[in-house]
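The analysis underlying the following values was restricted to heavy atoms, covering all of them including side chains, and did not include hydrogens, waters or symmetry mates. Lettering of chains follows the sequences in order, A, B, ..., and the numbering in each one begins at 1. Just so we're clear, the structure is a prediction, and the values are computed from it rather than from any experiment.
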Number of protein chains: 2
Amino acid sequence: MTYTEVFIALADPTRRHIFEALRERPKTVGELAEGQPVSRPAVSQHLRVLESARLVNVEPQGNRRLYSIKRDGLNELRQYLDSFWSDALTAYSAEIARRVKSEKGE
Amino acid sequence: MTYTEVFIALADPTRRHIFEALRERPKTVGELAEGQPVSRPAVSQHLRVLESARLVNVEPQGNRRLYSIKRDGLNELRQYLDSFWSDALTAYSAEIARRVKSEKGE
DNA sequence: CGATACCGTAAGTTATGACTTACACAGAGG
DNA sequence: CCTCTGTGTAAGTCATAACTTACGGTATCG
């Protein structure tokens with residue numbers, strides 16, 4: 001059920017833009033805010049949501065904070081999506097398979 | 001980019017529950033509403049959003065309307081996710097993850 | 001030491017959307 | 001016909017969250 005946060009995080013356009021801006025390279029909050037039409041505190045708040053969804057990673061570097069993409073959230077989302085393919089949408093077998101996988105710690 | 005609607009559609013818990021209820025088999029609006037804690041018109045509105053996101057398919061059958069899962073929306077979402085798995089990004093984020101781990105003394 | 005850059009948090013405002021009830025309309029069946 | 005069933009739509013309410021400005025705290029640098 002943890003992909004809930006990931007969906008919510010990526011549903012917002014501004015947040016998705018920030019996230020996509022990190023594909024190029026890790027960036028600081030100021031750098032990210034510069035490319036967006038919203039204020040810097042707004043970017044900070046979005047980054048907090050992205051971090052909570054395990055989509056980004058923060059690494060303090062002296063005065064600044066360097067944000068980068070983290071794959072955990074993406075993995076969960078992909079796992080959820082794959083559950084709609086693993087089997088021809090029959091009954092609950094896909095869901096069961098997903099649960100078993102996560103129980104094994106994968 | 002059209003995956004925007006898909007993200008928004010699946011971000012709502014009620015809408016995701018409705019969508020997941022269709023994994024078992026195609027269902028009518030009444031059947032779907034019965035399994036949800038919200039009113040029937042609410043389910044109708046959710047279905048409109050899901051349909052607009054190309055996540056469900058509707059087939060009128062006499063008096064009722066039979067809804068079923070449509071792959072188009074899921075395909076777009078998966079395509080978007082897969083774009084984050086390019087080799088460069090994979091190597092880059094793996095490096096970040098490794099650094100963070102070693103900083104934690106793990 | 002100041003002074004400045006970088007960033008997070010608080011508080012308040014506003015827009016969005018999820019929900020309700022009420023209504024309209026088409027098909028099935030007596 | 002008339003009624004019931006199944007569903008979509010309209011209008012209005014209310015909660016949420018996205019945004020702003022203001023402020024506080026911590027490094028860096030002169």
Side-chain angles (χ1 to χ4, degrees), chain A residues 1-22 25-70 73, chain B residues 2-22 25-70 73 96 100 103:
Chain A
M1 299 275 201
T2 145
Y3 48 76
T4 300
E5 277 187 270
V6 184
F7 269 124
I8 293 174
L10 291 179
D12 183 75
T14 304
R15 215 142 47 207
R16 211 168 43 244
H17 290 155
I18 293 174
F19 183 64
E20 291 169 1
L22 291 176
R25 55 177 174 81
K27 296 182 178 177
T28 67
V29 179
E31 284 177 320
L32 289 170
E34 206 164 330
Q36 302 298 328
V38 297
S39 70
R40 186 199 47 75
V43 174
S44 266
Q45 291 165 10
H46 283 309
L47 285 169
R48 186 168 49 175
V49 175
L50 289 171
E51 188 182 2
S52 168
R54 292 167 305 281
L55 282 168
V56 300
N57 201 300
V58 58
E59 183 183 0
Q61 279 194 352
N63 207 8
R64 355 186 153 180
R65 309 191 58 172
L66 199 63
Y67 283 88
S68 57
I69 285 187
K70 187 176 180 179
Chain B
T2 92
Y3 49 76
T4 300
E5 278 188 88
V6 185
F7 269 124
I8 293 174
L10 291 179
D12 182 74
T14 304
R15 216 143 45 209
R16 211 167 42 243
H17 290 155
I18 293 174
F19 182 64
E20 292 169 0
L22 291 176
R25 54 177 174 80
K27 295 180 178 178
T28 67
V29 180
E31 284 176 321
L32 289 170
E34 206 165 330
Q36 301 300 327
V38 297
S39 71
R40 187 199 47 75
V43 173
S44 265
Q45 291 165 10
H46 283 310
L47 285 169
R48 186 169 49 175
V49 175
L50 290 170
E51 188 182 4
S52 168
R54 291 165 308 280
L55 282 167
V56 301
N57 203 301
V58 57
E59 184 184 359
Q61 279 194 352
N63 207 8
R64 356 185 153 181
R65 309 190 61 176
L66 198 62
Y67 282 89
S68 57
I69 285 186
K70 188 177 181 179
I96 296 293
V100 171
E103 278 173 7

Rounded to whole Å, how long is the line connecting atom [atom1] of [X] with atom [atom2] of [N]?
{"X": "Q36(B)", "N": "dA18(C)", "atom1": "CD", "atom2": "P", "answer": "14 Å"}
{"X": "I8(B)", "N": "dG17(C)", "atom1": "CD1", "atom2": "P", "answer": "7 Å"}
{"X": "L50(A)", "N": "dG8(C)", "atom1": "CG", "atom2": "C1'", "answer": "16 Å"}
{"X": "L10(B)", "N": "dA18(C)", "atom1": "CG", "atom2": "P", "answer": "12 Å"}
{"X": "R64(A)", "N": "dT28(D)", "atom1": "CZ", "atom2": "P", "answer": "10 Å"}
{"X": "E31(B)", "N": "dT5(D)", "atom1": "CD", "atom2": "C1'", "answer": "14 Å"}
{"X": "N63(A)", "N": "dC29(D)", "atom1": "CG", "atom2": "C1'", "answer": "11 Å"}
{"X": "Q61(A)", "N": "dT28(D)", "atom1": "CD", "atom2": "P", "answer": "11 Å"}

N or O in side chain of [X] less than 4.0 angstrom from [N] OP1/OP2:
{"X": "R40(B)", "N": "dT20(C)", "result": "no"}
{"X": "Y67(B)", "N": "dG8(D)", "result": "yes"}
{"X": "S39(A)", "N": "dC19(D)", "result": "no"}
{"X": "T14(B)", "N": "dA18(C)", "result": "no"}
{"X": "R15(B)", "N": "dA18(C)", "result": "yes"}
{"X": "R65(A)", "N": "dG8(C)", "result": "yes"}
{"X": "R48(B)", "N": "dT9(D)", "result": "yes"}
{"X": "T28(B)", "N": "dG6(D)", "result": "no"}

Donor-acceptor pair, side chain of R16(B) and main chain of T4(A), under 3.5 angstrom |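 Not confirmed, R16(B) side chain does not pair with T4(A) backbone.
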Could you please name the option among dT20(D), dA22(C), dA18(C) that lies closest to any side-chain atom of P41(B)?
->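 Taking heavy atoms from C-beta onward, the closest nucleotide is dA22(C).
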side-chain contact (heavy atoms from CB on, under 4.5 Å) partner of L32(A), chosen from R40(A), H46(A), K27(A) |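 Looking at R40(A), H46(A), K27(A), the match for L32(A) under the side-chain contact (heavy atoms from CB on, under 4.5 Å) is K27(A).
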Give a yes or no on whether a donor-acceptor pair under 3.5 Å exists between the nucleobase atoms of dT20(C), that is its base, and the side chain of Q45(B).
->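 It does, because a donor-acceptor pair links the side chain of Q45(B) to the base of dT20(C) below 3.5 Å.
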Would S52(A) and E5(A) satisfy side chain to side chain donor-acceptor pair (under 3.5 Å), going step by step from the backbone distance to the final call?
-> CA-CA 8 Å; S52(A) 168; E5(A) 277 187 270; 2.4 Å; yes
Just wondering, more than 12 heavy atoms not from E34(A) lying within 6.0 Å of its CD?
->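 It does not: E34(A) CD has 12 such atoms or fewer within range.
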Within a radius of less than 6.0 Å around CZ of R64(B), do more than 12 heavy atoms belonging to other residues, nucleotides or ligands occur?
->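 Not more than 12 within 6.0 Å, no.
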Pick the nucleotide of DNA chain D nearest each of H46(A) and L66(B); which residue has the one closer to the 5' end?
->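 The residue whose closest nucleotide sits nearer the 5' end is L66(B).
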